[in-house]
Structure formats: C-alpha cells, structure tokens
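Residue numbers start from 1 in every chain, and the chains themselves are labelled A, B, ... in the order their sequence lines are given, proteins ahead of strands.
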Number of protein chains: 2
Amino acid sequence: MAGMTTPDLNLARFLPYRLSVLSNTISHTVARLYETRFGITIPEWRVIAVLGSGRTMSAGEVAAATAMERVQVSRAISRMLESGLILRETGDRDRRRADLTLTAKGRAIYTEIAPLALAYETRITSVLDPAEVEMLDRLLAKLQLQADALATSP
Amino acid sequence: MAGMTTPDLNLARFLPYRLSVLSNTISHTVARLYETRFGITIPEWRVIAVLGSGRTMSAGEVAAATAMERVQVSRAISRMLESGLILRETGDRDRRRADLTLTAKGRAIYTEIAPLALAYETRITSVLDPAEVEMLDRLLAKLQLQADALATSP
DNA sequence: GCAGGATAGTTTCATCTGAAACAATTGCAA
DNA sequence: TTGCAATTGTTTCAGATGAAACTATCCTGC
C-alpha cells in the first residue's frame with residue numbers, strides 16, 4: 001500500500017525504556033550507599049531489608065518478598081552466612097526449609113542503611129508535591145498489575 | 001536514647017524497589033517480543049531502535065541515545081555486524097569514529113518490532129486514562145531529572 | 001509401607017557484565 | 001614539528017547471572 005509507514009518508535013519516549021533508565025539511575029545511586037561501605041550487593045541488601053523487620057523467613061519466602069529468583073537468594077544467603085550477617089536454622093518439622101534471621105551484625109547494617117535509603121527516597125520525591133507522590137503510588141500500582149497480567153498472558 | 005527506633009523500611013513500598021520490579025517485569029515481557037523470534041538481545045534492540053529513524057550515528061552517539069555504556073554498545077555492534085544488521089563506515093575526517101546505519105535486514109527487523117513494541121506500550125497504559133498517562137509522563141520526567149542530580153552529587 | 005511426584009534449595013555451565021587496561025587517532029600547546 | 005593529553009572504541013579479566021540439572025526431603029495415593 002503506497003504511503004504506508006512504520007510507526008515511529010522514539011526510544012526516549014518509550015515507556016519501557018524510560019522506566020529502565022530511571023530505575024537503573026536510582027538503583028545505582030542507592031547501591032552506592034552500601035556497596036563500598038558495607039561490601040554488600042543489591043541482592044544481599046534486599047535480603048537484609050526483608051529480614052530487617054525482625055521476621056524470620058525461609059529462603060523461598062525471601063525470594064517472594066524480594067521478587068528475586070531462588071538462585072539469586074540462595075547465593076546471597078551463602079555469602080551472608082560466610083560474612084556472618086544471617087543465621088540459618090534448619091526446620092524441625094520440615095528439614096528442606098531453613099529459617100533465616102539477621103545476626104546482630106546483620107541487624108546493625110540494617111539499622112545503618114535503612115535511614116540512608118529512606119532519606120534518599122525522601123530526597124528524590126522531594127521534587128513532587130504530596131498529591132503527586134500519591135498519584136505516583138497509584139500509577140505504579142496500576143502499571144505493575146497490568147505488567148503482571150501481560151507478562152503471563154500472550 | 002531510650003525508645004529510639006530504626007525507621008521501618010518496607011521494601012514493598014520503597015520506590016527504588018518498586019521501580020526496579022516494574023521495570024524488570026516490563027523489560028522481560030518486551031524482550032520476549034524479539035529475543036526468540038529475531039535472536040537479538042536488549043542492547044541490540046536499543047541500537048536498532050535508535051538507528052531505526054534512519055539517522056546514522058557513531059557508537060558514542062548510540063551510547064548517549066540509548067543510555068548504555070560504551071562497552072555494551074561496542075559488543076552489540078560487533079554482534080550486529082556479524083549478523084548483518086548494521087553497516088559500519090569509518091569516518092574520513094576522523095578515523096577514530098565510524099558511522100553506523102541499519103542494513104535492509106536490520107531495517108526489516110525494526111519495521112517488524114516497532115509496531116509490536118508500541119502495541120505493548122498501548123496495552124500497558126490502557127489501564128490509565130489520558131490524564132493519568134500525561135501525569136505519568138510528567139512524574140517520570142521530574143524523577144529522572146532529580147535522580148540524575150542525586151547521582152552525581154554526594 | 002512405599003513408589004511417584006511435588007517442593008526447597010543448591011550447583012553447574014555457558015553467557016553476560018562492568019571496570020580497568022589497552023590501542024588508535026586526533027588536537028593542542030610549546 | 002613534536003610531544004602529551006583527550007577522545008573513540010575495543011579487549012581483558014574477574015565476577016555476576018539465569019536456565020536447567022541436581023540433591024534432599026516431604027507428601028499422597030495405593
């Protein structure tokens with residue numbers, strides 16, 4: 001058909017690309033808060049973050065809570081066992097699972113990083129007014145739901 | 001100080017985490033559009049996307065336009081040269097740089113993927129009304145600016 | 001009980017990744 | 001000029017990654 005054109009894909013305006021760049025910029029900055037100072041990686045930080053509440057969880061529960069794959073969690077855990085950040089206790093009832101808890105050392109790291117991470121979040125959203133922050137929250141929630149739906153369906 | 005508590009960091013509500021999960025969900029789904037069918041990777045798709053406009057660019061310009069690191073672009077380019085998706089012509093004036101263009105084969109891939117990618121974007125934003133889409137656009141732009149500012153400053 | 005399948009977690013393997021070192025070329029300044 | 005820093009892009013190396021195979025344990029139906 002004459003005059004038929006490919007729709008223009010302007011990468012800089014393409015939502016998946018923009019989200020990826022924004023997320024990378026932010027993750028990289030946040031990672032600087034703990035990578036050099038505490039020598040922990042992003043997966044390890046996520047494990048600390050979910051165990052920081054004081055709850056004890058299995059590796060599988062950590063995976064679910066952090067949206068990481070089982071293999072990533074497994075590797076983070078083995079590093080953290082070596083560096084003494086967490087404690088692993090094989091379950092009595094079910095010896096496949098093991099309960100994980102932060103050690104005092106792990107908790108100390110959480111106590112130091114959490115305020116820094118929250119302070120970063122505050123600084124980055126400081127360019128938004130309260131209504132915009134609330135809207136961002138709503139929009140991200142809606143998009144995540146739809147992204148999940150589109151991820152599984154064709 | 002008695003009663004002093006660490007501020008609670010709820011990972012599921014932490015903006016950097018939410019953005020990371022959303023971005024990963026979306027990227028993974030979009031990548032499925034071209035990974036299996038065309039055998040190209042995310043970096044290669046980004047190169048195709050920016051060269052798809054018809055412009056010819058150097059590797060450095062591609063890096064800037066795609067927010068990728070030089071080394072990533074270099075590797076994507078060498079794969080694409082092998083698979084015949086792009087053409088590289090060393091500059092006359094400056095023989096360090098080389099101009100890159102899509103071949104017919106590369107352009108054909110762009111012509112097939114671009115509509116699929118845009119259709120995905122339409123589907124994912126279909127859960128938002130037009131005002132929300134516009135708001136999302138504004139919010140992401142503001143956040144990216146601030147993220148960039150916080151990335152460079154201490 | 002016990003065979004077959006499900007579940008929790010680990011390991012293997014091939015690939016990807018980023019930092020830093022490197023090579024090639026250009027521009028600038030003495 | 002000519003030497004030195006800056007720019008463009010590539011390669012190297014060590015570690016990270018994900019898919020799939022694997023181990024160990026548990027559960028279910030017979």
Interatomic distance, [X] [atom1] vs [N] [atom2] [rounded to whole Å]:
X        : N       : atom1 : atom2 : value
Arg93(B) : dT7(D)  : CZ    : P     : 16 Å
Arg32(B) : dA19(D) : CZ    : P     : 12 Å
Asn24(A) : dT17(C) : CG    : C1'   : 13 Å
Glu35(B) : dT15(C) : CD    : P     : 15 Å
Arg95(B) : dT26(C) : CZ    : P     : 5 Å
Asp99(B) : dG9(D)  : CG    : C1'   : 14 Å
Asp92(B) : dT26(C) : CG    : C1'   : 15 Å
Leu81(A) : dT10(C) : CG    : C1'   : 13 Å

Review point. Can you check side chain to side chain contact (heavy atoms under 4.5 Å, CB included) on Arg96(B) and Thr90(B), steps first, answer last?
Key: CA-CA 7 Å; Arg96(B) 289 170 307 183; Thr90(B) 301; over 6 Å; no
Please determine whether any donor N or O and acceptor N or O are separated by less than 3.5 Å between the side chain of Arg75(B) and the base of dG18(C). yes
Given [N], is OP1 or OP2 found less than 4.0 Å from the side-chain N or O atoms of [X]?
X        : N       : answer
Ser74(B) : dT10(D) : yes
Arg70(B) : dT8(D)  : yes
Arg96(A) : dC26(D) : no
Arg88(B) : dT10(D) : yes
Gln72(A) : dG18(D) : yes

Distance, nearest 0.5 Å, that separates OG1 of Thr125(A) from CG of Asp137(A) =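 Thr125(A) atom OG1 to Asp137(A) atom CG measures 11.0 Å (nearest 0.5 Å).
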CD on Glu44(A) to CD1 on Ile86(A), rounded to 0.5 Å =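 CD of Glu44(A) is found 9.0 Å from CD1 of Ile86(A).
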### Message
Between Glu69(B) and Ile77(A), which residue's closest nucleotide on DNA chain C lies nearer the 5′ terminus?
### Response
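Between the two, 5'-proximity favours Ile77(A).
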Assert: residue with more 5' nearest nucleotide on DNA chain C, out of His28(A) and Val73(A), is Val73(A)
What does [X] touch in the nucleic acid at a heavy-atom separation under 4.0 angstrom: a base, only the sugar-phosphate, or nothing?
X        : answer
Thr41(B) : nothing
Ser78(A) : nothing
Arg79(B) : nothing

Q) Which one, dG18(C), dT11(C), dC26(D), comes nearest to the side chain of Val71(A)? A)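 My answer, after comparing the listed nucleotides, is dT11(C).
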- request: Can you figure out which of dG9(C), dT17(D), dT8(D) approaches the side chain of Ala59(A) most closely?
  value: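 In terms of side-chain proximity for Ala59(A), the closest of dG9(C), dT17(D), dT8(D) is dG9(C).
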task: Fit a plane to each ring of Phe14(B) and Trp45(A), take the angle between them on a 0 to 90° scale, and name the class: parallel (under 30°), tilted (30 to 60°) or perpendicular (over 60°).
output: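 Correct class here is perpendicular.
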Result for side-chain contact (heavy atoms from CB on, under 4.5 Å) between Val47(A) and one of Thr41(A), Val62(A), Leu102(A) points to Val62(A)
Checklist entry - Could you go step by step and tell me if Leu128(A) and Leu143(B) meet the side chain to side chain contact (heavy atoms under 4.5 Å, CB included) rule? => result CA-CA 8 Å; Leu128(A) 309 181; Leu143(B) 290 173; 4.0 Å; yes
